[in-house]
Amino acid sequence: MTTGPRARTPFRARLTAAVADQGPLCVGIDPHPGLLARWGHEDDAAGVERFGREAVAALAGHVAVVKPQVALFEVHGSGGIRALERVLADARDAGLLTIADAKRGDIGSTMTAYASAWLADTSPLAADAVTLSPYLGVGSLTPAIDLAAATGRGVFVLARTSNPEAPAVQSAQAWTLDPSASPGDGAGYRGMREVAQSVVDSCAAVNVRHPGVAGVVVGATAGTTGRAHGLDLSRLDGPVLVPGLGAQGATPADLAEAFAAGSGPVVPSSSREVLAAGPDPEALHDACAALNGSLRDLHLPAGPVGA
């Protein structure tokens, strides 16, 4: 007998509740060689598994979300994938929300397969949300968006990243259909917008159909374009993942004005700044508490009331 996706509270509602309870901080589980050595582990499949599972055990009850960096597990082959499966399972069992930082993007049956790998109830790699790359068109991500909606999960689509190569694509101007225009505004209107803004607007249109399923990734570090991120997030009506705290140069104070618009939740992410306090659990708890306290003081958008 074939059964459909299991009923689950939608991801945005679960994220909103977790942020209210634990604060907005997301901790990236990034088993970089230097962190592995600091924690006393080898840079191999067994080492990344021990590191990831120890991090989850220490972080549970102290943060809302963890974000494993998939590539740093994949580099160890099948053993690294098994390690990631176990880290994700531990996080689920501990009540942590998970974002698989996989940055997948493709078309047709290949995108459907990626969606099933990261968002299907039957997959051992299933996370609460996955990061996606939109540069084959946001519409090409529909298999993942639809499956996320069906299973109570979410997606975070790359919009504005902080790497120096990004502006050549993300800041380019293009003639694009405005997907957020209402019929009364002229739904066929075409205007010049940055590619990054067109990604945000396309995700806003997704959220009309699937409320809160499509979030965006907007880096915390300004400077690649000589200004703040410059995006209008007010109509997104979905969560915003903000990597770049700590080792990449951003501070909580950098976020206050840049991410004040919209309903969120806004979820800043830090990896090395927090995990460098380990492996001692108490030191990790203190690092999380200090950063979460600073983020709470900003009163960033924390999700819709009653979500």
Side-chain angles (χ1 to χ4, degrees), residues 10-13 15-16 19-20 24-26 64-65 67 99 103 129-135 138 141 145 148 154-163 166-167 169-174 176-182 185 191-245 248 250-269 295-296 298-305 307:
F11 170 68
R12 190 190 190 192
L15 180 61
T16 297
V19 166
L25 177 64
C26 168
V65 195
K67 180 174 67 68
I99 301 170
K103 300 182 179 70
V130 63
T131 58
L132 300 176
S133 174
Y135 296 110
V138 172
L141 306 177
I145 290 166
V155 302
F156 286 96
V157 182
L158 302 179
R160 176 86 76 201
T161 61
S162 301
N163 57 300
V169 175
Q170 296 169 7
S171 297
Q173 296 282 329
T176 53
L177 180 69
D178 183 357
S180 60
S182 69
D185 295 332
M192 291 292 289
R193 288 174 300 163
E194 286 190 341
V195 169
Q197 185 65 54
S198 73
V199 170
V200 174
D201 294 343
S202 293
C203 289
V206 166
N207 287 333
V208 173
R209 186 171 78 253
H210 296 309
V213 165
V216 294
V217 180
V218 179
T221 50
T224 60
T225 59
R227 54 182 169 77
H229 62 70
L231 300 175
D232 179 4
L233 302 174
S234 63
R235 293 191 293 179
L236 173 65
D237 199 21
V240 182
L241 178 64
V242 185
L245 277 181
Q248 294 184 41
T251 67
D254 296 326
L255 310 183
E257 182 176 353
F259 294 96
S263 54
V266 173
V267 182
S269 177
L295 293 172
R296 284 184 187 273
L298 301 179
H299 302 291
L300 296 168
V305 176

4.5 Å side-chain heavy-atom contact, [X] and [Y]:
X	Y	result
Thr16	Pro304	yes
Pro24	Val266	no
Leu300	Pro268	yes

Can you name the residues that form a side chain to side chain donor-acceptor pair (under 3.5 Å) with [X], not counting sequence neighbours?
X	answer
Ser133	none
Thr131	Asp101
Asp237	Arg12, Ser263

Can you list the residues that meet the side-chain contact (heavy atoms from CB on, under 4.5 Å) rule with [X], with sequence neighbours excluded?
X	value
Val206	Ile145, Arg209, Ala214
Pro134	Val138, Leu141, Val157, Leu158, Val199
Ala196	Arg160, Gln170, Leu231
Pro252	Leu245, Leu291, Ser294, Leu295, Leu298

Which heavy-atom pair separates [X] from [Y] by the least distance, and what is that distance?
X	Y	value
Phe11	Gly154	CB-N, 3.7 Å
Phe156	Leu241	CD2-CB, 3.6 Å
Ala129	Val155	CB-N, 4.4 Å
Gly219	Ser162	CA-OG, 3.6 Å
Gly264	Pro301	N-CB, 3.9 Å
Ala220	Leu255	CB-CD2, 3.6 Å

Plane angle bin for His229 and Phe259 - parallel if under 30°, tilted between 30 and 60°, otherwise perpendicular
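Correct class here is tilted.
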Calculate, to the nearest 0.5 Å, the distance between atoms CD and CD belonging to Gln173 and Glu194 respectively.
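Going from CD on Gln173 over to CD on Glu194, the span is 5.5 Å.
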Is there a donor-acceptor contact under 3.5 Å from the side chain of Asp232 to the main chain of Gln197?
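Checked: no pair found.
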